[in-house]
Amino acid sequence: MAERLASLAMYDGGELAAANDVLWSAVARRLERLGMREVPRRLERDRALDDVWSSDRLLLGQTCGYPFAARFRGRLRLIATPRYSAPGCTESGHRTFVVVHARSTARSLSALRGTRAVINDVESMTGRHLLGDAIAAAGGARGFFASVEVSGSHARSLASVAACAADVAAIDCVSFAHLARAAPEMVAETRIIHRTRRTPALPFVISSACGDVASSLVTRALVDALADPSTADARRALMLVGVKRLAPSAYDGTLAVAANADRVFDA
């Protein structure tokens, strides 16, 4: 039988990829010692995220909060919510930073009317929904932005603003902290003008098809791995300080945030 899948692709690439590999190896070793079979040897990095999240073989993954609540409730089981040390994070929550070019004259959300926005994905809680929610709360409605482009990633969105190819983007605070470390020159070309409301951080999940026993073992292995001194450098690179157990209903608020954003965005 084919191995199960494991993916930590939400914060990955560069030194983060190496850190995720260390963390997964620590989890996998524990699962094997606990008697689990078909434990993935390496993290999945080739499949599209939707394919990973949809797989009945997903042993450990991480999703955006909105797809988890809107499309995968019942298909994915919440294992734990990460706690990050990046500025803007509080306990198991995170925020989005609304950023403009460093030389932009915009100082408030209302000043963004008629500007060019860039989002990372149409389902992204941090890149689209929290931005639209904030604009709606400031009185904005459909047609607020002159244009909206989809970049494919937070890094590309920030790069677009830094290069003046777009006027505004929303970058989750964990991604922003990683980019500030990996690409400080690019980040220096941008400026934060607003910090959004807090929503739960990106959930660690398992396919419901894996069953109760597997879910319990993966949770135990993840918690133990995060307390292991051998993963300290990896955790520091990931800015991952631990996890918190939340009820799945903690993510229900993302649906209302997305509905607010739909009042602003055409798509």
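Between R197 and D133 there is a salt bridge, with a side-chain nitrogen of the basic residue lying less than 4.0 Å from a carboxylate oxygen of the acidic one. Contact check on R77 versus D212 returns a salt bridge, with a Lys/Arg side-chain nitrogen under 4.0 Å from an Asp/Glu carboxylate oxygen. Salt-bridge formation is not detected for the pair D121/R128: no Lys NZ or Arg NE/NH1/NH2 atom is positioned less than 4.0 Å from an Asp or Glu carboxylate oxygen.
Applying the 4.5 Å side-chain rule to ILVMFWY residues, one finds V118 in the same cluster as V161.
Panel note: side chain S175, backbone H154; no donor-acceptor pair is recorded below 3.5 Å. Not one N or O on the side chain of R75 forms a donor-acceptor pair closer than 3.5 Å with the backbone of S207. Judged by distance alone, the side chain of E38 and the main-chain N or O of P40 form no donor-acceptor pair under 3.5 Å. Of the possible polar contacts, one joining the T190 side chain to the V187 backbone as a donor-acceptor pair under 3.5 Å is found.
The side-chain heavy atoms of M186 and L179, taken from C-beta on, include a pair separated by under 4.5 Å.
Under the 3.5 Å distance criterion, with hydrogens and angles disregarded, a donor-acceptor pair is assigned to the side chains of T90 and R198. Donor-acceptor pairing under 3.5 Å is recorded for the side chains of T231 and R235. No side-chain donor from either of S54 and D50 sits under 3.5 Å from a side-chain acceptor of the other.
Note on residues 245-256: pairs passing salt bridge (charged side-chain N to carboxylate O under 4.0 Å, His left out), not counting sequence neighbours, are R73-D252. Among residue pairs with one or both ends in residues 147-176, those qualifying as salt bridge (charged side-chain N to carboxylate O under 4.0 Å, His left out) are R116-D167; sequence neighbours excluded.
Taking the centre and axis of the six-membered ring of F97, the NZ or CZ atom of R195 falls inside the cone set by 45° and 6.0 Å.
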Residue pair R107, H194: steps toward the side-chain contact (heavy atoms from CB on, under 4.5 Å) verdict | CA-CA 9 Å; R107 300 289 171 178; H194 181 78; over 6 Å; no
Using atom types as modelled, flag every donor-acceptor pair under 3.5 Å from a side chain in residues 26-33 to any protein atom, sequence neighbours excluded.
from	atom 1	to	atom 2	distance (Å)
R30	NH1	A26	O	3.1
R30	NH2	D228	OD2	2.5
E32	OE2	R41	NH1	2.5

Give every donor-acceptor pair under 3.5 Å between a side-chain atom in residues 78-85 and any protein atom, sequence neighbours left out.
from	atom 1	to	atom 2	distance (Å)
T81	OG1	Y251	OH	2.8
Y84	OH	Q62	NE2	3.0

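Note: the hydrophobic cluster containing F176 does not contain M125 (ILVMFWY, side chain heavy atoms under 4.5 Å, direct or indirect links).
Taking every heavy atom of both residues into account, H129 and Y66 meet most closely at NE2-CD2, 3.5 Å.
Applying the side chain to side chain contact (heavy atoms under 4.5 Å, CB included) rule to A111 yields the partners A106, S108; only residues at least two apart in sequence or on another chain are considered.
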